[in-house]
Amino acid sequence: MPEIKQALMPTPPWRRTDYCGAPRAKDAGREVALWGWVATRRDHGSLIFIDLRDREGIIQLVFNPEHDAAAHAVAEAARAEFYLAVRGRVVRRSEGSVNAELPTGEIEVVVTAAEILNPSLPPPFPLSGAEGAAEEVRLKFRYLDLRRPEMQSNLRRRHQALRGARAYLDAHGFIEVETPILFKATPEGARDYLVPSRVNPGRFYALPQSPQLLKQILMVGGFDRYYQIARCFRDEDLRANRQPEFSQIDIEMTGPRPEDVHEMAEGMMASIYQYAAETEIERPFPRMRYDDAMERYGSDKPDLRFGLEMRNLSAAFAGTQFKVFAETLARGEQIYGLVLPAACQLSRRELDDMAEGLRSRQALGLAWLKIAPDAWQGPIAKFISDQERTRVAEIAAPAAGDTLLMIAGARGKVRPALGDLRLRLGAKFDLIDRAALKFLWVVDFPLFDFSEEEKRLVSVNHPFTAPHPDDIGLLDSEPLKARALAYDMVLNGQEMGGGSIRIHNAELQLRVFELLGIGREEAAVKFGFLLDALGFGAPPHGGIAFGVDRIAMMVCGTDSLRDVMAFPKTQKAVDPMSGAPSEVDPRQLRELSIRVAL
RNA sequence: GGGGUCGUAGUUCAGCCCGGUUAGAACGCCGGCCUGUCACGUCGGAAGUCGUGGGUUCAAAUCCCAUCGGCCCCGCCA
């Protein structure tokens with residue numbers, strides 16, 4: 001079997017001159033040598049066509065037994081996903097046999113020599129055509145999945161996005177510095193992945209959740225402008241857009257104001273979109289205060305691709321006869337509503353389902369009114385006075401045929417709930433402009449939130465975030481009212497990145513730790529190196545970090561992170577291809593002084 | 001930890017409600033024929049622990065319970 005002999009050879013019998021996807025009509029007459037996988041094979045008995053595929057595309061090969069019997073024999077033996085080397089001449093296809101679907105469709109290669117460099121088992125799922133195959137199978141045979149043009153294109157766009165980021169950052173004086181993967185466990189934030197230290201029995205490294213502290217220390221270390229495409233690890237449950245390990249474009253600058261970070265980040269994002277999508281994006285991005293985002297969209301990452309803005313209707317219902325609203329207001333709670341335009345009609349059933357969902361999940365009531373010119377309609381219409389209608393109309397301006405949806409309850413619950421409803425309605429009625437790129441900055445985040453679980457203040461961002469200069473006085477009196485110098489970049493309702501100006505003064509940092517319930521001693525043990533560093537002339541600094549995977553999802557237009565990562569894990573954080581995580585040899589555990597208690 | 005949903009040839013799915021002979025289809029695979037196809041065509045063939053375990057029943061892919069796994073979501077996570 002001549003094909004087996006060639007398959008044992010470590011290198012191909014001839015060099016490649018072109019990628020399969022490269023030749024065009026102008027190459028007619030050229031002798032080319034190609035390597036690639038058999039995408040499809042059409043055997044006419046004597047004449048055989050093979051579509052050969054590599055990363056650049058697909059080209060049609062013609063095997064005619066009258067030209068070369070040996071090459072033809074190879075084509076006869078070849079099957080899907082065999083890796084072939086061929087030589088031949090590029091020829092123009094005859095009129096009428098041109099394939100307009102293929103970029104190479106005006107030409108074909110008449111093969112004069114062919115070798116099977118390696119045969120293939122029949123692929124366990126079809127690589128062309130349908131998206132059909134179950135994700136588990138795709139992940140198990142990821143090397144085959146990655147050959148698919150769609151995955152090839154996604155990972156290349158991701159590569160281009162990173163090129164765009166690097167090009168911009170390089171041009172603006174940022175220095176790429178690598179930081180350790182074996183780092184120190186941190187008490188705040190997500191669960192850490194731990195790595196035992198063999199030479200220090202009983203001690204553990206943690207994989208970094210982000211290089212946050214290290215990049216701050218690089219500022220103290222004088223690098224002035226730093227960036228890194230950093231791998232980050234968080235041991236939390238997975239989602240369609242969340243993997244346990246992911247990448248960030250991590251950036252830190254000495255001495256910026258928030259606006260300086262914004263300008264830089266917008267420039268970088270523009271560069272990313274140029275490289276990865278050949279798209280110009282509009283700058284500067286609008287800015288929205290956190291309070292406004294919550295008030296109008298019920299979210300700290302509002303999707304501005306459609307309207308359906310929320311309004312606080314509490315004032316309109318002061319003194320109302322409608323018992324539920326009256327009780328809500330008496331408790332000091334709020335009524336928020338949004339107007340669904342006449343074009344979007346919800347059936348009674350749909351409204352009831354929505355109401356039921358809100359009641360069971362969040363213990364919130366949904367009320368609705370259909371707007372008719374005179375009398376509004378709905379189960380609660382009879383409780384609504386003329387005066388209330390007038391006042392609601394002033395605030396929310398509904399038109400005839402519209403539906404007014406209202407949720408009553410504590411502000412902290414109502415706004416996100418209505419915001420969530422807004423998103424579902426936007427999707428349901430297809431109000432979202434798919435082509436739009438709606439960037440914005442959300443600014444003036446609160447510095448702290450109160451954790452009901454832990455009965456203490458927690459950082460909204462992280463404990464190193466600087467308070468707004470106007471609010472430093474509030475730290476002592478009303479810390480929950482203090483704003484942070486923090487900002488998120490949001491695109492189409494997705495958080496692309498977030499950052500802040502950091503605390504660069506050890507005293508202020510200790511004060512913030514204290515408010516978070518971290519005493520001086522604990523701070524010294526856990527963050528001593530940071531506090532020490534801040535004590536040696538640490539310059540003011542701040543920065544931002546972007547989710548590379550989410551950026552890749554946006555430029556590829558996919559909903560699943562797994563489509564833009566080469567080797568993602570399943571929801572159970574398993575890699576079906578390698579079988580990780582796996583059990584290990586008892587000897588390895590002994591060396592690490594680890595005993596497993598299940 | 002919780003909710004939803006799916007699991008049947010290599011793949012995608014039908015059959016399941018309403019239990020009843022040999023569990024079907026398409027694609028793929030194997031073999032034959034075919035010199036202009038491009039999802040080639042055409043003739044024939046092989047291929048299934050119905051996720052796993054238990055239960056109900058004369059009889060289970062089908063009904064019940066448990067369990068494992070994929071996906072989506074809540075919690076968790078910036």
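Convention: sequence-line order gives letters A, B, ...; per-chain numbering from 1. We use all heavy atoms of the structure for the numbers below, so side chains are in, but hydrogens, waters and symmetry mates are not.
Counting non-hydrogen atoms under 4.0 angstrom, A:N64 reaches a base of the nucleic acid. Among the atoms of the strands shown, base atoms are found under 4.0 Å from some heavy atom of A:R93. Base engagement by A:Q60 is indicated by at least one non-hydrogen atom pair under 4.0 Å involving a base atom.
The phosphate of B:rC40 (OP1 or OP2) has a side-chain N or O of A:T40 nearer than 4.0 angstrom. Considering only side-chain N and O atoms, A:R41 lies nowhere under 4.0 angstrom from the phosphate OP1 or OP2 of B:rU37.
Across every strand in view, B:rU21 sits unpaired, with no contact that passes the Watson-Crick or G-U test at under 3.5 angstrom. B:rU62 makes up no base pair with any nucleotide shown, lacking Watson-Crick or G-U wobble contacts both under 3.5 Å. Across every strand in view, B:rC38 sits unpaired, with no contact that passes the Watson-Crick or G-U test at under 3.5 angstrom. Nucleotide B:rG44 has B:rC30 as its partner under the Watson-Crick or G-U criteria, with both atom distances under 3.5 Å. Under the Watson-Crick or G-U wobble criterion, with both distances below 3.5 Å, B:rG69 is paired with B:rC6.
With sequence neighbours left out, the salt bridge (charged side-chain N to carboxylate O under 4.0 Å, His left out) criterion links A:R242 to no other residue.
Taking atom P on both nucleotides, B:rG53 is separated from B:rA61 by 13 Å, rounded to a whole Å. Rounded to whole Å, the separation between the C1' atoms of B:rG19 and B:rC58 comes to 12 Å. B:rG20 and B:rG15: their C1' atoms are spaced 14 Å apart (whole Å). Distance noted for atom C1' between B:rC27 and B:rC71: 24 Å (whole Å). Comparing the same atom, C1', in B:rA14 and in B:rA26 gives a spacing of 11 Å after rounding to whole Å. Rounded to whole Å, the separation between the P atoms of B:rU42 and B:rC38 comes to 11 Å. The gap from the P atom of B:rA9 to that of B:rG24 amounts to 14 Å, rounded to the nearest Å. With C1' as the reference atom, B:rC64 and B:rG28 are 37 Å apart, rounded to whole Å.
Residues A:T40 and A:D51 have side chains that bring a donor and an acceptor to within less than 3.5 angstrom of each other.
Residue A:R42 has its side chain nearest to B:rU37 when only B:rU37, B:rU11, B:rG70 are considered.
A salt bridge links A:E81 and A:R53; the closest N-O separation between the charged side-chain nitrogens and carboxylate oxygens is under 4.0 Å. Between A:R24 and A:D27, no side-chain nitrogen of the basic residue sits less than 4.0 Å from a carboxylate oxygen of the acidic one, so the salt-bridge criterion is not met. Taking the charged nitrogens against the carboxylate oxygens, A:D291 and A:R483 have no contact shorter than 4.0 Å, which rules out a salt bridge. Using a 4.0 Å cut-off between a side-chain N of Lys or Arg and a carboxylate O of Asp or Glu, A:R411 and A:E295 qualify as a salt bridge. With salt bridges taken as basic N to acidic carboxylate O contacts below 4.0 Å, none links A:E236 and A:R234.
Ring geometry, A:F125 versus A:F141: the interplanar angle falls from 30° to 60°, so the pair is classed tilted.
With A:D549 as reference, A:R158 is the one residue of A:R158, A:Q248, A:R562 to meet the side chain to side chain donor-acceptor pair (under 3.5 Å) rule.
One interatomic measurement links the two molecules: CG of A:L121 to P of B:rU11, which rounds to 14 Å at whole-angstrom precision. Going from atom CZ of A:F141 over to atom P of B:rG28 covers 19 Å, rounded to whole Å. Rounding to whole angstrom units, CG of residue A:L127 and C1' of B:rC27 are separated by 14 Å. A:I58 places its CD1 atom 12 Å from the C1' atom of B:rA39, with the value rounded to the nearest Å. Here the P atom of nucleotide B:rC68 and the CD atom of A:E136 are 15 Å apart, to the nearest Å. Rounded to whole Å, atom C1' of B:rC34 lies 11 Å from atom NE2 of A:H72. When rounded to the nearest whole Å, the span between CG of A:D145 and P of B:rU12 equals 12 Å. Protein atom CZ of A:F49 is 8 Å distant from nucleotide atom P of B:rG36, rounded to whole Å.
Residue pairs meeting the salt bridge (Lys or Arg N to Asp or Glu O under 4.0 Å) criterion with at least one member in residues 485-496 of chain A: none, sequence neighbours excluded.
Look at A:H44 and the base of B:rC40; the rings stack, centres closer than 5.5 Å and planes less than 30° apart. Stacking is not found between A:F125 and the pyrimidine-like six-membered ring of the B:rU11 base under the 5.5 Å centre-distance and 30° plane-angle cut-offs.
Between A:N99 and A:A573, it is A:N99 whose nearest contact on RNA chain B lies nearer the 5' terminus.
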- Message: Generate the contact string for nucleotides 71-78 of chain B. Rules: B means base contact, S means sugar-phosphate contact only, - means no protein heavy atom under 4.0 Å.
- Response: BBBBBBBB

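For A:E108 against B:rG36, a side-chain N or O and a base N or O form a donor-acceptor pair under 3.5 Å.
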